[in-house]
Amino acid sequence: MRSSHPRSAAVAALVATALATGLLAGTADAAEGAASADPIRIHDIQGTTRISPLAGKQVADVAGVVTGVRTYGSRGFWIQDPDTDDDDATSEGVFVFTSSVPTVAVGDAVTVSGLVGEYIPGGVASGNQSVTQISKPVVTVVSSGNALPAATAVNEYSVPCAYAPEGDPAAAGSINGLTLEPSRYALDYYESLEGMNIAIGNSRVVGATDPYAELWVTVKGWENNAKRGGTVYGSYDSQNTGRLQIQQLAPLAQQPFPVANVGDKLTGPTEGPLDFNQFGGYTLVARTLGTVKPGTLAPEKTKAQASNELAVATYNVENLDPSDPQEKFDNLAKAVVENLASPDILALEEIQDDNGAKNDGTVSAEATLTKFTTAITAAGGPAYQWRTINPEDKKDGGEPGGNIRQVFLFNPARVSFTERAPGDAVTATGVVKENGKAALTHSPGRIDPANPAWVDSRKPLAGEFVFRGKTVFVIANHFGSKGGDEGLTSSHQPPVRSSEAKRLLQAQAVNGFVKDILAVEKKAAVLVVGDINDFEFSDTTKALEDGGALYAAIKSLPRPERYSYVYQGNAQVLDQILTSPGIKQFSYDSVHINAEFSNQNSDHDPQVVRFRP
């Protein structure tokens with residue numbers, strides 16, 4: 001099992017590094033004040049900001065009751081002082097990092113001496129908040145079998161509606177030095193409970209159980225509800241304060257983690273220490289885990305297109321290659337036929353080369369596509385043909401050696417592909433006028449592959465199709481990922497979203513190409529489809545739409561239905577289809593078959609648009 005927040009053995013060195021960079025605000029004055037005759041209490045260690053005033057200092061005989069013991073991953077235990085102070089900003093709990101399996105038990109009253117530090121899950125460069133801890137501990141068990149401090153109830157009444165304070169401009173936007181306001185901001189509220197014993201009641205699951213034995217709930221049943229039970233991330237200011245990650249303290253070999261889908265209920269008491277990790281921020285590590293009450297959520301099926309409607313879909317099939325189990329091919333194929341109603345054109349993202357992640361120079365995906373289209377036919381679907389352009393080896397990002405690319409599948413019984421001097425990996429397609437209409441110089445062809453925007457990224461694939469005598473241009477995309485962006489629980493507020501710069505350039509390149517088509521043929525039917533890796537309200541989408549060249553069709557759906565992906569309990573848009581003004585009427589569907597379920601064939605939901613050219 002993945003560690004809840006893997007820790008380096010060199011904790012002291014990490015603390016020293018963070019102190020040197022100004023992240024840990026320990027001061028000599030604070031240390032001297034703490035070194036008085038009064039014993040150090042846990043709330044003295046935690047202080048009223050995110051950073052302990054005693055960071056980097058030794059403490060002795062800190063008293064508390066053990067509320068949780070973790071024997072795997074980041075080994076250690078939590079202690080809590082039952083004798084609280086009168087300041088809501090100071091936590092009464094703290095993590096004691098032991099590195100080896102702890103020898104204490106829940107209910108032990110202990111004293112701990114050791115080094116106070118601020119551990120940053122993911123490292124300083126991640127931008128994550130830190131976890132206050134005591135490391136290199138000397139532990140004395142005073143008594144056993146003690147009652148635990150009463151759990152703090154976390155619910156819709158206790159969690160503030162505002163998410164986070166604005167970071168200090170003088171400290172690069174950091175919130176580390178700000179005094180906590182737990183009654184005003186959700187992040188401050190959770191931080192004021194860091195390390196403490198907390199409890200939630202019946203809560204709706206908003207993020208399905210993942211392979212790492214985690215799920216997400218919301219303690220706010222009314223907050224930005226998705227139609228099917230999730231919580232919609234609809235703007236940069238609607239972070240959804242009620243979301244909370246749930247793990248368990250018991251090892252999986254001892255107690256399997258429950259399997260839950262979005263919309264299920266986690267019922268009964270769930271209680272344990274509040275941790276913080278790099279894979280989701282504030283996390284209830286359950287000593288007592290509630291019971292999952294299954295809901296009725298089922299994968300969606302889109303409506304079949306009418307005979308005079310063209311159906312175009314996009315689907316990220318998550319690194320598909322021939323080494324994947326046949327079951328994955330069969331399940332994806334079944335989804336194309338049954339859930340997507342066999343679209344006329346299907347743009348695929350993350351089709352890997354013929355030996356997947358093996359890094360040996362292979363770039364062809366013939367075997368991958370043969371296996372997939374054969375599976376579709378076996379599932380009762382059409383005999384799809386495909387068009388693609390093999391990338392240069394190791395030039396398009398993705399899994400090393402995988403050479404992912406976009407691919408067009410099309411049903412030749414319904415639509416034809418216009419071959420125009422097929423391009424290659426480094427040759428740009430262009431737009432010309434032919435018989436008074438727009439045409440591509442290369443079909444299939446890549447859009448501006450030498451543009452720096454596409455370095456180590458997938459280049460857009462453009463193709464020209466004909467349906468019932470009408471030409472339709474389709475551009476398949478897989479924009480740069482969000483890798484490197486800071487999380488919503490970052491120590492910087494607002495978080496730094498560094499990946500946006502590249503996607504903005506990519507969007508501008510695609511928008512410019514669409515404008516080239518429309519300059520030749522104002523009413524041309526153009527579809528920009530794919531894994532845009534950005535939200536419908538993002539600057540990336542705005543750049544694609546610039547000048548009225550395109551419209552993000554997912555915005556035609558009611559807000560509770562706008563999502564294609566679920567990340568950390570937030571249902572959000574990553575996959576999109578954008579339409580040109582020549583497509584005046586259409587029917588759009590985000591077909592929810594993966595993102596809400598623990599059993600996934602991909603982590604993305606496919607998108608479908610139907611219209612009459």
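- Atom CG of L320 and atom CD of Q352 lie 8.0 Å apart (nearest 0.5 Å).
- Y282 contributes atom OH, which lies 10.5 Å from atom CG of D275 (distance to the nearest 0.5 angstrom).
- For D344 and Q305, the side-chain atoms include at least one donor-acceptor pair closer than 3.5 Å.
- Here the shortest heavy-atom pairing between S499 and K482 reads OG-CA, 3.4 Å.
- The aromatic ring centroids of F537 and Y236 lie less than 6.0 Å from each other.
- Side-chain contact check for W216 versus V205: every heavy-atom pair is 4.5 Å or farther apart.
- The NZ atom of K358 sits 10.5 Å away from the CG atom of D353 when rounded to the nearest 0.5 Å.
- Ion pairing of D324 with K371 is absent here, as no side-chain N (NZ or NE/NH1/NH2) approaches a carboxylate O to less than 4.0 Å.
- Panel note: side chain R559, backbone N224; no donor-acceptor pair is recorded below 3.5 Å.
- Here R228 pairs with E596 in a salt bridge; the nearest charged N to carboxylate O distance falls below 4.0 Å.
- Separation of the H592 and Y563 ring centroids falls under the 6.0 Å cut-off.
- No hydrogens or angles considered: nothing links the side chains of E214 and T209 as a donor-acceptor pair under 3.5 Å.
- Rounded to the nearest 0.5 angstrom, E350 CD and D603 CG are separated by 7.0 Å.
- Applying the side chain to side chain donor-acceptor pair (under 3.5 Å) test between T362 and each of N390, N403, N355, D354 identifies N355 as the sole match.
- Taking OH from Y233 and CZ from R243, the interatomic distance works out to 8.5 Å, rounded to the nearest 0.5 Å.
- In this structure, OG1 in T579 is found 9.5 Å from CD1 in I577, a value given to the nearest 0.5 Å.
- Between E419 and R387 there is a salt bridge, since a side-chain N of the basic residue sits under 4.0 Å from a carboxylate O of the acidic one.
- Taking a cutoff of 4.0 Å between a charged side-chain nitrogen and a carboxylate oxygen, D321 and K328 do not qualify as a salt bridge.
- Between F279 and Y212, a ring centre-to-centre spacing not shorter than 6.0 Å is recorded.
- With salt bridges taken as basic N to acidic carboxylate O contacts below 4.0 Å, one links K227 and E561.
- For E327, the CD atom is loosely surrounded, since the number of other residues' heavy atoms within 6.0 Å does not exceed 12.
- Salt-bridge formation is detected for the pair E545/K555: a Lys NZ or Arg NE/NH1/NH2 atom is positioned less than 4.0 Å from an Asp or Glu carboxylate oxygen.
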Q: Run the numbers on E500 and R497 for salt bridge (charged side-chain N to carboxylate O under 4.0 Å, His left out), then give the verdict.
A: CA-CA 6 Å; E500 289 183 346; R497 300 186 296 268; 2.7 Å; yes
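- Using cut-offs of 30° and 60° for the angle between ring planes, the F408 and F417 rings count as tilted.
- Residue Y315 forms a side chain to side chain donor-acceptor pair (under 3.5 Å) with just one option from D605, N594, N601, and that option is N594.
- With respect to the salt-bridge test (charged N to carboxylate O, under 4.0 angstrom), the residues K459 and D396 qualify.
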